[in-house]
Number of protein chains: 2
Amino acid sequence: MAHQILKALKDKGFRLTKVRKLIIEIFLSNSAAPISAVELKARLMAADADANKTTVYRELDFLSEQGIVVEVNAGDGKKRYELNRDGHHHHILCLRCSAVECVTVDNCTLQEELKRVDSKSFKITGHSLNFFGLCEECQ
Amino acid sequence: MAHQILKALKDKGFRLTKVRKLIIEIFLSNSAAPISAVELKARLMAADADANKTTVYRELDFLSEQGIVVEVNAGDGKKRYELNRDGHHHHILCLRCSAVECVTVDNCTLQEELKRVDSKSFKITGHSLNFFGLCEECQ
DNA sequence: ATTATATTGCAACGTGGTTGCATTTGTCAA
DNA sequence: TTGACAAATGCAACCACGTTGCAATATAAT
Ligand SMILES: [Mn+2]
Ligand SMILES: [Mn+2]
Ligand SMILES: [Zn+2]
Ligand SMILES: [Zn+2]
């Protein structure tokens, strides 16, 4: 599964760095929750592949541009990223510890809401729905 | 309208500062869109009541705690605040210029969505729905 | 092995926001 | 009116998250 991603990148003339490959591995084995740059850096470190923070940020930007990961706005001040699986979904996040969880949604009813809004001057291209609350531990 | 807010604060033992009164005025006369700390500071300056940035941030925290304003997460890196009018609503925001607009919603269909989610470990207390797109000027 | 250039590390910078502490100001009671 | 006490303020320094310029390094094609 990683191989297709890697091959696609290589075919576009990008290099398959040690860190790049590892980051993709991390995202693939981490379907649970979106992670931040700091968390990713920590995971790299844990995998004996330390990388400079600048590199981590640049790599996240790169993978976003390449459509391999997507940015997830969790409402706290930090960007998070998750693998760009297809399938629309929403997120729940803890107001105390900022834990984030993905919520798959069978048929998103927000398209009608969108219609109501699109009539205005804004041209709507997407939406983000976050549920706030307290996770099990923080309750 | 401002008088009730001010009286309530005074009754709780808080002081009616020049800046505090002006900020409340600004929020009351600004039903349009949520504003950031920097924007608020600029408006104060324009009203001949310059205030230190620390004071502005502290006052926004204070008014949030007092339930007079509410934080609006617009997805760009900065907090915004709006008057805590009752009545649930959502927001649209421009991906280019970060303009934010409030969208009133007659009957928010998200309560069912919430049910589906609340069954999990998270205890949901609220949600935030943002529509992303391009405003008229930025299209 | 050589080469071209994609990637990296470092240090410095930027923005949004916070904190400790000394000073000022609002409020109330004498 | 005048103190006095606590709330609010200004300042400077700090913090987290993220970005940028540039020189050094690593990948991969020849
Ligand atoms: Mn997700
Ligand atoms: Mn609003
Ligand atoms: Zn939690
Ligand atoms: Zn715009």
Side-chain angles (χ1 to χ4, degrees), chain A residues 3 5-24 34-45 47-66 68-69 71-81 93 97-98 100, chain B residues 3 5-24 34-45 47-66 68-69 71-81 93 97-98 100:
Chain A
H3 290 72
I5 295 176
L6 294 176
K7 183 171 185 309
L9 286 180
K10 192 163 195 173
D11 288 350
K12 289 195 211 171
F14 300 111
R15 295 178 183 174
L16 303 187
T17 306
K18 191 173 23 172
V19 172
R20 178 164 293 166
K21 286 186 281 189
L22 190 44
I23 288 179
I24 290 172
I35 62 177
S36 68
V38 176
E39 286 164 350
L40 178 55
K41 189 172 188 315
R43 295 213 190 188
L44 287 170
M45 192 118 64
D48 279 327
D50 203 0
N52 184 272
K53 86 175 181 177
T54 309
T55 302
V56 174
Y57 282 109
R58 280 198 277 231
E59 198 61 24
L60 285 170
D61 285 346
F62 171 78
L63 294 176
S64 285
E65 281 165 17
Q66 298 303 315
I68 293 166
V69 301
E71 218 175 294
V72 171
N73 162 31
D76 58 345
K78 53 195 88 162
K79 294 182 187 172
R80 290 161 190 274
Y81 300 84
L93 49 115
C97 74
S98 293
V100 185
Chain B
H3 289 72
I5 296 176
L6 295 176
K7 184 170 184 311
L9 286 179
K10 193 164 196 174
D11 288 351
K12 288 195 211 171
F14 299 112
R15 296 180 182 170
L16 303 187
T17 306
K18 195 173 20 175
V19 173
R20 178 164 293 165
K21 287 186 281 190
L22 190 46
I23 289 179
I24 290 171
I35 62 177
S36 68
V38 177
E39 286 163 350
L40 178 55
K41 189 172 187 317
R43 294 211 190 187
L44 287 171
M45 192 118 66
D48 278 328
D50 203 0
N52 185 273
K53 88 174 178 177
T54 309
T55 302
V56 174
Y57 283 110
R58 282 199 275 231
E59 198 62 25
L60 285 170
D61 285 346
F62 171 78
L63 294 176
S64 284
E65 281 165 16
Q66 297 304 314
I68 294 165
V69 301
E71 219 176 291
V72 172
N73 163 30
D76 59 343
K78 54 195 88 162
K79 295 182 187 171
R80 290 161 190 273
Y81 299 83
L93 49 116
C97 73
S98 292
V100 185

It should be established whether [X] places a side-chain nitrogen or oxygen under 4.0 Å from OP1 or OP2 of nucleotide [N].
X       : N      : result
B/Thr17 : D/dT9  : yes
A/Tyr57 : D/dG18 : yes
B/Asn52 : D/dC11 : yes
A/Thr54 : C/dT8  : no

Rounding to a whole Å, what distance do you find between [X]:[atom1] and [N]:[atom2]?
X       : N      : atom1 : atom2 : answer
A/Leu9  : C/dT7  : CG    : C1'   : 13 Å
A/Lys78 : C/dG17 : NZ    : P     : 14 Å
A/Leu40 : D/dC17 : CG    : C1'   : 15 Å
A/Arg15 : C/dT8  : CZ    : P     : 10 Å
A/Asp61 : D/dC17 : CG    : P     : 16 Å
A/Ile24 : C/dT7  : CD1   : P     : 11 Å
A/Phe14 : D/dA26 : CZ    : P     : 21 Å
A/Lys41 : D/dA16 : NZ    : P     : 14 Å

Using a distance-only criterion (donor-acceptor N/O pair, under 3.5 Å, no hydrogens), is the base of C/dG26 paired with the side chain of B/Arg20? no

Using only heavy-atom distances, decide whether a donor-acceptor pair under 3.5 angstrom links the side-chain of B/Arg58 to the base of D/dA8. no

Both B/Lys53 and B/Leu16 contact DNA chain D. Taking the nearest nucleotide for each, which residue is further toward the 5' end? B/Leu16

Do side-chain atoms of [X] reach the backbone of [Y] as a donor and acceptor pair under 3.5 angstrom?
X       : Y       : answer
B/Lys18 : B/Ala49 : no
B/Ser64 : B/Leu60 : yes
A/Glu65 : A/Phe62 : no
B/Glu59 : B/Val56 : no

Under 4.0 Å, heavy atoms only, any strand: does B/Phe62 hit a base, just the sugar-phosphate, or nothing? nothing

Can you find a heavy atom in the side chain of A/Leu9 that is under 4.5 Å from one in the side chain of A/Arg20? yes

